[in-house]
Each structure stands twice: as C-alpha cells, then as structure tokens.
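Everything numeric here is computed off the predicted structure, so don't read it as measured data.
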Amino acid sequence: MELAGATVASEEPDTVEVLCSREELGLLADAIAALLARCREILILRKIRRIPQKEIARHLGISENTVQNQVARGVRHCEAYLAAFGIRGR
C-alpha cells in the first residue's frame, strides 16, 4: 500500500466549526448574563473559576446547600436558553 502521496486530514477545526463554537459561546455568555446577580456570581465561581463549593459558601456567608441549589438553577437556565436556539448538551 503506497501512502507517500496521500494527504492527512487536518486535526484543526474548520471554519464552520470555529464559527459555530463562537456562536455557542456567545449564547452561553448571554444566558449567564441573564441570570440574577447572585446566581450568576455563584455559577461563575463554581463552574468557570472552579472554586470549591465549600469555599464559595464560606466566602459569601451562605450554606453549601444554597451554593449547590444556585449552581443547579443556573445550569438549568443556561441549558434551557441554549435549547431555545437548538443547542443541546454534549
């Protein structure tokens, strides 16, 4: 089998994939921005900055259960927002 002249498909994302990813990221940013301030703050601390739940609770003077509930509420909101644009979780 001769492969000397064969081309290898690039592992780089194509233009359409990049544009779709950017669009999805923009929609996610919109979804997060639409959250109530406290929910948005907690979601960003936990899911984006990866701060432990216990540390967030201590820092904000709330229970760990409240942190967990706010994160769940924020995630559900973001999922519903993205679903309205035909974007489902991966």
Side-chain angles (χ1 to χ4, degrees):
M1 175 186 242
E2 180 64 38
L3 295 177
T7 58
V8 177
S10 172
E11 292 185 23
E12 295 293 317
D14 65 19
T15 304
V16 173
E17 288 175 326
V18 170
L19 291 174
C20 288
S21 293
R22 286 181 182 164
E23 182 180 340
E24 289 174 9
L25 189 56
L27 289 170
L28 179 57
D30 292 344
I32 292 170
L35 293 169
L36 294 175
R38 188 56 162 242
C39 186
R40 180 174 56 248
E41 177 183 23
I42 292 169
L43 182 72
I44 289 170
L45 290 172
R46 184 72 186 109
K47 293 295 187 178
I48 296 173
R49 298 180 88 195
R50 299 286 199 199
I51 296 174
Q53 187 171 296
K54 188 173 193 170
E55 188 176 328
I56 295 169
R58 184 177 45 76
H59 176 72
L60 298 177
I62 59 178
S63 72
E64 285 186 62
N65 194 44
T66 299
V67 172
Q68 185 174 352
N69 289 336
Q70 290 296 304
V71 169
R73 180 175 289 144
V75 167
R76 280 193 309 271
H77 166 81
C78 290
E79 288 174 341
Y81 188 95
L82 294 174
F85 290 91
I87 301 168
R88 303 280 180 210
R90 295 176 187 193

Query raised in the report: Counting only heavy atoms not in Glu23, do more than 12 sit closer than 6.0 Å to its CD atom?
Result: no
**Report entry** Within 6.0 angstrom of Leu36 CG, more than 12 heavy atoms from elsewhere
**Finding:** no
Atom [atom1] in [X], atom [atom2] in [Y]: separation rounded to 0.5 Å?
X	Y	atom1	atom2	result
Leu28	Ile87	CG	CD1	9.0 Å
Ile51	His59	CD1	NE2	7.5 Å
Ile42	Lys47	CD1	NZ	13.0 Å

Would you say [X] and [Y] make side-chain contact, with heavy atoms under 4.5 Å?
X	Y	result
Leu45	Glu55	no
Arg38	Ile62	yes
Leu60	Glu41	yes

Do you know which two heavy atoms are closest between [X] and [Y], and how far apart they sit?
X	Y	value
Ala33	Arg40	O-NH1, 3.1 Å
Gly74	Leu35	CA-CD2, 3.9 Å
Tyr81	Leu27	CE2-O, 3.4 Å
His77	Ala34	NE2-CB, 3.8 Å

Query raised in the report: Is a side-chain N or O of Arg49 found less than 3.5 angstrom from the main chain of Ile44, in a donor-acceptor match?
Result: no
Query raised in the report: Is there a chain of hydrophobic side chains (I, L, V, M, F, W, Y, each step under 4.5 Å between heavy atoms) that links Ile48 to Leu25?
Result: no
